[in-house]
Amino acid sequence: MHMRPVGRTVDVLESAGFEARHVESVREHYTRTIDAWRDRLESEWPRFEALVGTTTCRVWRLYLAGASLAFSERRMGVDQILAVRPTRGGGAGVPPTPAAWYGPDGRP
């Protein structure tokens with residue numbers, strides 16, 4: 001896996017004619033997500049083992065433990081980027097602020 005810094009990714013997007021509207025790091029959230037996945041794997045081990053076998057379960061256990069550590073130690077990250085391609089007139093048809101992207105229930 002090759003991960004490029006988020007700034008370089010935004011540069012690539014802008015070079016392709018996109019405009020970055022929002023960039024968010026979700027590294028800490030992803031650590032919690034991975035830990036929840038690992039907890040589920042452990043609590044449902046017999047079921048998963050029956051489905052995919054012991055070797056595959058052990059590989060996933062190792063992957064999830066390593067990924068959690070890498071994210072918590074800031075050696076890996078996850079970023080979400082919202083980019084739009086403006087029209088020739090400059091508009092993008094997207095509300096200008098994050099608050100306007102979500103409905104009253106807080107969901108997009």
Side-chain angles (χ1 to χ4, degrees):
M1 176 166 72
H2 173 74
M3 298 185 63
R4 85 174 38 91
V6 68
R8 288 186 48 209
T9 301
V10 171
D11 286 343
V12 169
L13 288 166
E14 289 178 343
S15 295
F18 288 89
E19 180 179 283
R21 287 290 177 95
H22 186 79
V23 178
E24 180 179 10
S25 171
V26 293
R27 178 187 57 79
E28 291 164 316
H29 299 285
Y30 206 66
T31 300
R32 289 194 299 268
T33 299
I34 290 171
D35 290 344
W37 291 342
R38 193 175 70 236
D39 289 346
R40 176 58 58 95
L41 174 66
E42 296 298 338
S43 70
E44 300 285 335
W45 187 270
R47 191 172 128 230
F48 289 124
E49 193 173 32
L51 241 121
V52 298
T54 303
T55 301
T56 299
C57 285
R58 287 180 177 173
V59 168
W60 274 102
R61 176 190 274 159
L62 180 61
Y63 166 77
L64 292 170
S68 177
L69 185 62
F71 283 105
S72 68
E73 291 181 348
R74 296 180 52 207
R75 290 183 284 119
M76 289 180 68
V78 175
D79 301 296
Q80 293 180 350
I81 302 168
L82 173 62
V84 296
R85 186 183 303 267
T87 65
R88 289 180 188 242
V94 176
T97 63
W101 302 339
Y102 301 97
D105 61 357
R107 291 185 283 171

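Just so you know, these numbers come straight off a predicted model, no measurement behind them.
Taking the charged nitrogens against the carboxylate oxygens, R32 and D35 have no contact shorter than 4.0 Å, which rules out a salt bridge.
To the nearest 0.5 Å, atom OG1 of residue T56 and atom OH of residue Y63 are 15.0 Å apart. In this structure, R61 CZ and F48 CZ are separated by 12.5 Å, a value rounded to the nearest 0.5 Å. In this structure, OG1 in T31 is found 11.5 Å from CZ in R74, a value given to the nearest 0.5 Å. Here the CH2-CG distance, from W37 to L41, works out to 12.0 Å after rounding to the nearest 0.5 Å. In this structure, the separation between CZ on R27 and OG on S72 is 8.0 Å, given to the nearest 0.5 Å. The OG1 atom of T33 sits 12.0 Å away from the CD atom of E28 when rounded to the nearest 0.5 Å.
Heavy atoms only, all atoms of each residue included: V84 and A92 are closest at CG2-CB, 3.6 Å.
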Counting only pairs under 3.5 Å, give me each side-chain donor-acceptor contact of residues 11-20, with atom names and distances, residues two or more places apart or in other chains.
from, atom 1, to, atom 2, distance (Å)
S15, OG, D11, O, 2.9
E19, OE2, R21, NE, 2.7
E19, OE2, R21, NH2, 3.1

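Linking Ile, Leu, Val, Met, Phe, Trp and Tyr residues whenever their side-chain heavy atoms come within less than 4.5 Å places W60 and W45 in a single cluster. Residues M76 and V23 do not share a hydrophobic cluster, defined by chaining ILVMFWY side chains whose heavy atoms lie under 4.5 Å apart. Linking Ile, Leu, Val, Met, Phe, Trp and Tyr whenever their side-chain heavy atoms come within less than 4.5 Å leaves V6 and Y30 in two separate clusters.
Open room surrounds CZ on R40; 12 or fewer heavy atoms of other groups in view lie less than 6.0 Å from it. Applying the 6.0 Å contact sphere to CZ of R85 captures more than 12 heavy atoms from other residues, nucleotides or ligands.
Here H22 pairs with E24, L82, P98, W101 under the side-chain contact (heavy atoms from CB on, under 4.5 Å) rule; sequence neighbours left out.
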Item to check | side chain to side chain contact (heavy atoms under 4.5 Å, CB included) between T9 and D79, worked out | outcome: CA-CA 10 Å; T9 301; D79 301 296; over 6 Å; no
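Hydrophobic cluster membership for L51: V52 (Ile, Leu, Val, Met, Phe, Trp, Tyr linked by side-chain heavy atoms under 4.5 Å, directly or transitively).
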